[in-house]
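Below is one structure, written out as structure tokens; comments come after it.
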Amino acid sequence: MTDHMIDSTLSELERYYDTVPRVGGARAEDFGPLTLFVQEGKGWPYYARPALGGSGDATATATATAEDVKRVLSRQRELGIPEAFEWVAETSPSLRAAVEAAGLYVHAHPLMVLDPSADALPPHPEVRLLGADDPLLTAAVTVPALAFAAPGTAVGEAGPAELAAATAEPSAEEGRSRVSGKLAAGTGAMAAAVRDGVVLCSGMFNPVGDIAEVVGVGTLPSARRQGLALGVTAALVVEARARGARTVFLSAGDEDVARIYARIGFRRVATALIAEPPAGAA
């Protein structure tokens with residue numbers, strides 16, 4: 001992609017990031033150069049991020065300071081919601097210093113966009129799309145949590161037994177209900193790799209207009225290194241394109257994961273940053 005194309009794409013993604021919480025049931029609270037999104041009903045908690053300027057570009061707003069960040073953090077604590085900020089390094093380059101000065105830890109993730117000319121992979125024989133009433137939906141919603149609890153690409157210990165225990169937790173049913181509503185409304189899609197009736201990998205995409213973000217792709221740690229995440233992501237890409245998505249993007253967990261996504265046509269365009277309190281912070 002040319003520099004002009006990357007700049008245009010990043011502007012599109014800024015508008016996407018600002019829109020997703022609003023259509024997902026969140027209200028926006030204005031903190032000058034920052035916007036805090038607060039979920040008003042049942043659903044995923046959202047984040048604070050740079051406010052859009054009049055052009056729809058985060059770089060058009062005033063520069064946020066550590067004091068601005070602390071004001072948002074105070075409000076998040078008051079509301080009892082996660083102390084989280086998300087933004088793109090290249091569009092808001094000064095924000096990292098401000099959030100670090102406020103005491104937060106910053107995680108960096110490759111931000112990747114699908115090459116429009118990329119060929120689709122052949123369908124993986126164990127991967128299929130799930131509907132709102134699919135009996136495996138609870139397991140599919142639960143797998144990524146087990147995956148992200150043991151980050152990386154190495155084979156881990158958590159397997160079908162741990163998945164069965166996790167799906168019995170009340171939070172699993174709450175997650176299923178949220179995702180089922182999105183699938184029924186057509187505001188999301190989920191794919192899963194299933195073997196012998198067990199979900200081994202799953203993921204979703206969230207569309208806004210003609211932009212779709214692939215999110216939450218995770219493989220049960222004991223089933224890693226079998227190409228399942230690639231198969232799930234490829235199925236989501238095909239479905240997103242079939243629904244009219246012009247831009248498909250994702251944030252990779254790390255550089256190793258980014259190299260995997262590059263095999264199906266994703267290209268790095270920027271760096272997504274997530275800030276939260278350091279591990280162990282009260």
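The structure presented is a predicted model; accordingly, all values stated were derived computationally and were not measured.
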**Q.** E173 bridged to R176 by N-O distance under 4.0 Å
**A.** yes
Q: Begin from the C-alpha positions of E12 and R15 and carry the test salt bridge (Lys or Arg N to Asp or Glu O under 4.0 Å) through to its verdict.
A: CA-CA 5 Å; E12 287 184 336; R15 291 188 288 273; 5.2 Å; no
Q. Quick one: are R263 and L121 in side-chain contact, heavy atoms under 4.5 Å?
A. no
Q. So do P144 and V217 actually touch side chain to side chain, heavy atoms under 4.5 Å?
A. no
Q) Do N206 and V20 have side-chain heavy atoms sitting under 4.5 Å apart? A) no
Q: Indicate, with yes or no, if M112 and V237 share a hydrophobic cluster defined by side-chain heavy-atom contacts under 4.5 Å among Ile, Leu, Val, Met, Phe, Trp and Tyr.
A: yes
(Q) What I'd like to find out is whether the side chain of T271 reaches to under 4.5 Å of the side chain of L111, using heavy atoms alone. (A) no
Q: Can you measure from CD1 (I211) to OH (Y17) and round to the nearest 0.5 angstrom?
A: 10.0 Å
Q: Give the ring-plane orientation class for H109 versus H107, where under 30° counts as parallel, over 60° as perpendicular and anything between as tilted.
A: parallel
Q) Should R259 and E255 count as an ion pair when the cut-off is N to O under 4.0 Å? A) no
Q) Picking from E86, E29, E14, what satisfies salt bridge (Lys or Arg N to Asp or Glu O under 4.0 Å) with R49? A) E14
Q.
Any heavy-atom pair between the side chains of L114 and L250 that's under 4.5 Å?
A. no
(Q) If hydrophobic clusters are built from ILVMFWY residues whose side chains come within less than 4.5 Å, do V113 and V208 share one? (A) yes
**Q.** Audit row: L34, F85, side chain to side chain contact (heavy atoms under 4.5 Å, CB included) steps and yes/no
**A.** CA-CA 10 Å; L34 299 169; F85 291 72; 4.0 Å; yes
Q) Do M190 and V238 share a hydrophobic cluster, counting only Ile, Leu, Val, Met, Phe, Trp and Tyr and linking them when any side-chain heavy atoms are less than 4.5 Å apart? A) no
Q. So, R71 and D68, do they make that salt bridge, N to O below 4.0 Å?
A. yes
Q: Answer yes or no: are there more than 12 heavy-atom neighbours, outside E157 itself, under 6.0 Å from its atom CD?
A: no
Q: Spell out, yes or no, whether F37 and I81 are grouped together once hydrophobic residues are joined by side-chain heavy atoms under 4.5 Å, including indirect joins.
A: no
